[in-house]
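The structure appears below as structure tokens.
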Amino acid sequence: MARANDEVAALFAEYADLISITGGDAFKARVYEKAARAIGGHHADVSTLDVKGLQQIPGVGRSIAEKVTVYLRTGSVPAVEELRARIPAGVRRLTAVPTLGPKKALVLYEELGVSSIEELTDAIHQERLRDLKGFGPRTEENILHGIELLRSSGDRVLIDAATDVAEGIVAELSRVEGCRKCAYAGSLRRGRETIGDIDVLAAASDSEPLMRAFTELPDVTEVIARGRTKTSVRTTKGLSVDLRVVPPDSWGAALQYFTGSKSHNIRTRERAVHQGLKLSEYGLFDAESGERVVSRTEEEVYARLGLPWIAPALREDRGEIEAGLRDELPELVQERDIRGDLHTHTDLTDGLAPLEEMAAAAAERGYAYYAITDHAPNLFMQRMTDERILAQRERVRELDGEYGRRGRRGGMRLLHGAELNIDAEGAVDWPDDFLAGFDLCVASVHSHFNQDRAALTRRLVRACENPYVHIIGHPTTRLIGRRPGIDADLDEVFAACARTGTALEVNAHPDRLDLNDEHILRAKRHGVKFAIDTDAHSVLHLAHMRFGVGTAQRGWLTGDDVINTWSLTRLRRFLRKTPSS
DNA sequence: GCCGTTTTCGGCCCGACTGTTTTCAGTCG
């Protein structure tokens, strides 16, 4: 079910790593890395392209194009197989440990024979790294810390990967004869940022055809358990998936039960008990007679408990039951409410697609406005200059003239902005008069992550106080499973945002989801406004908006809290940054 | 291995930080 592009991208990313680990040409490794990214982010399916077509993808030349066709035809590429034979897969896995790169990984393998994270942990505890050149006590400490970080996300996968798998399975099972309903439930339906395993629910009077179809899915590598009501499998990506089949008239109760969370379900069952009822995955029953009261839909189940239907994103026992009883559940922001994306990149910096393609894709999504915010010059690797960004602005203005009259909702306006870098002192790129030329600016921390709490807090607060900074991008800079968020006093930052009329970003990229749900809840109490942005670096990334919206919902946000659901007029007023009170 | 108002070779993202060194290699964004 994986896109051919993703498979090929993964293959070349691995090849690039193997080249680096084996000490191959660093430039060659970088070329494959770049090609992997370009192919993964390319809009057209590579399996439909010939060698010529493939070479149209930037960074793909004759040699790589041919490897793609060989891979798609035979399932493997000799050059990659050659390196795979020399380096155990576990060695590459070592480079996933933060602070441990290809050079150190190779030393560990060649000198100590270490080829897995478990062996590495043992080797450190046996003090076998002490004699290696370039490895000191701090290195050991950092590696152990990195392993800890990796473990903390455990076997959980990111929400986009889990969503792909779950939607694929639901689509397949929905086609099975006798399947009345099919949906995924569990933490994925609630929109959690990482997913341990996937729960799929189906309604049918006879479960057998569904169970059979499920175990025969092409991506299933192992059947862990197989029964009449529940079957568990493991997929090629190591993800485990449970399928539960319930009678059609139990659908609502089952969906409610398997969506969770555990603590939400405890609360709903308690309410049932207080009313002389019993709630299970089969329905809501009279405790005395055992007679079924309701079970067909979630709405019925909640209604009989005296509650309105509660959106899955809220079901964490964070006050949703109480709010429901008072009829004060928030009207959650929906993806269809989003009128534009305010943080996106093009190939002028590290994006993959040119401005024209990004704008066309945004118009295709039906946006009313769309901001281009490429990296500012202080992120030196992006090689931005005044001339380049001004030339881009000219082109944005031209396109704005064209799109102003096109698009589904009667035209899309293009905004020109930049993603500024908040430096160690809290200042940003460019002087005020230059910044004044932008329609909007996102400002983000890209360096000096390890400053102390006071310095980090001061930096962010100072950025908020800058009249030309409208949105703080990915405010904690965490990368899920790879890098913890910075240690700033977030409540102080949230207060500064509210005071200065600076929005906080809910970055929709599945690796980030930053701010996260808990931060959003806290920030909202300070009266902050939010921008749900994809930070898209390719056309495909624009679709990540759903994960940002899901995270915002988990933070109880309504459309009114989110500036990119507003009309352009209201948005422009906000961007003038005049404090509301 | 890709790319070229530099075209068939010679560049290729640049700077900071960290830890191990005693002048620098490795990693990261």
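Per chain, numbering begins at 1; letters A, B, ... match sequence-line order. Note: hydrogens, waters and symmetry copies are ignored here, and every other heavy atom, side chains too, is used. Here the structure is a predicted model, which is why all the values come from computation and not from measurement.
- A:Lys577 contributes a side-chain N or O that, together with a main-chain N or O of A:Val469, makes up a donor-acceptor pair within less than 3.5 Å.
- Atom pair A:Leu129:CG and B:dG19:P shows a separation of 15 Å (rounding to whole Å applied).
- For the C1' atoms, the distance linking B:dG10 with B:dA16 amounts to 28 Å, nearest Å.
- Straight-line distance between the P atoms of B:dC3 and B:dC17: roughly 34 Å, to the nearest whole Å.
- Within the structure, every side-chain polar atom (N or O) of A:Asn142 is placed at least 4.0 Å from both OP1 and OP2 of B:dT18.
- Distance, A:Glu66 CD to B:dG1 P: 11 Å, rounded to whole Å.
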Give me, pair by pair, the N or O atoms of the protein and of nucleotides 15-17 of chain B that are less than 3.5 Å apart, along with how far apart they are.
| residue | atom | partner | partner atom | Å |
| --- | --- | --- | --- | --- |
| B:dC17 | OP1 | A:His448 | NE2 | 3.1 |

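- A:His446 has its ring centre no less than 6.0 Å from the ring centre of A:His448.
- Spacing between B:dC2 and B:dT8 at atom C1', rounded to whole Å, works out to 13 Å.
- When the C1' atom is used for both B:dG26 and B:dT20, the distance is 11 Å, rounded to whole Å.
- Atoms CG (A:Leu348) and C1' (B:dC13) sit 14 Å apart, rounded to a whole Å.
- Judged purely by distance below 3.5 Å, without hydrogens or angles, the side chains of A:Tyr71 and A:Ser76 never pair a donor atom with an acceptor atom.
- Residue-level contact check: A:Ser447 touches neither bases nor backbone, having no heavy atom under 4.0 Å from any strand.
- For A:His537 and A:His509, the ring centers sit 6.0 Å or farther from each other.
- A straight line from CG of A:Leu54 to C1' of B:dG1 spans 15 Å, rounded to a whole angstrom.
- Taking 4.0 angstrom as the limit, A:Arg30 places a side-chain polar atom (N or O) nearer than this to OP1 or OP2 of B:dC13.
- Each of A:Thr95 and A:Gly59 was assigned the nucleotide of DNA chain B with the nearest heavy atom; the assignment lying further toward the 5' end belongs to A:Gly59.
- If you take atom P in B:dT18 and the same atom in B:dC9, they sit 44 Å apart, rounded to whole Å.
- Salt bridge A:Glu425/A:Arg458: absent, no basic N to carboxylate O contact under 4.0 Å.
- Of the charged side-chain nitrogens involved, none lies within less than 4.0 Å of a carboxylate oxygen, so that A:Glu82 and A:Arg86 do not count as a salt-bridged pair.
- Within a heavy-atom distance below 4.0 Å of DNA chain B, the residues of residues 99-126 of chain A found are A:Thr99, A:Leu100, A:Gly101, A:Pro102, A:Lys103, A:Lys104.
- Toward the 5′ end of DNA chain B lies the nearest nucleotide of A:Arg138, the other residue of the pair A:Arg138 and A:Leu479 mapping further downstream.
- The same atom, P, is picked in B:dT6 and in B:dC12; the two are 15 Å apart, to the nearest Å.
- B:dT8 is unpaired under the criterion used here, namely a Watson-Crick or G-U wobble arrangement in which both key atom distances are under 3.5 Å.
- Counting only distance, with no hydrogens or angles, the side chain of A:Arg339 and the backbone of A:Thr565 share a donor-acceptor pair below 3.5 Å.
- Nucleotides B:dT23 and B:dG29 place their P atoms 30 Å apart, quoted to the nearest Å.
- Applying side chain to side chain donor-acceptor pair (under 3.5 Å) to A:Asp374 and the options A:Arg388, A:Gln392, A:His416 leaves one that passes, A:Gln392.
- Out of B:dC14, B:dG29, B:dT20, the shortest distance to the side chain of A:Phe449 is found at B:dG29.
- Side chain of A:Asp533 to backbone of A:Asn507: no donor-acceptor contact under 3.5 angstrom is found.
- Enclosure of atom CZ in A:Arg397 by more than 12 non-hydrogen atoms of other residues, nucleotides or ligands within 6.0 angstrom is indicated.
- Nucleotides B:dG1 and B:dG15 place their C1' atoms 25 Å apart, quoted to the nearest Å.
- Using modelled atom types, one side-chain atom of A:Glu505 and one backbone atom of A:His474 make a donor-acceptor pair closer than 3.5 Å.
- The distance between atom CD of A:Glu140 and atom C1' of B:dG19, rounded to the nearest whole Å, is 13 Å.
- At whole-Å resolution of the value, NE2 in A:His145 and P in B:dC28 are 14 Å apart.
- Checked against the 6.0 Å centroid threshold, A:Trp430 and A:Phe438 count as a close aromatic pair.
- Straight-line distance from the CD atom of A:Gln55 to the P atom of B:dC2: 8 Å, rounded to whole Å.
- Residues of residues 22-29 of chain A having a heavy atom closer than 4.0 Å to DNA chain B, listed by number: A:Asp25, A:Phe27, A:Lys28.
- What separates CZ of A:Arg483 from P of B:dC28 is a distance of 11 Å, to the nearest Å.
- When the options A:Arg482, A:Arg483, A:Arg478 are evaluated for a salt bridge (charged side-chain N to carboxylate O under 4.0 Å, His left out) with A:Asp511, the one that passes is A:Arg482.
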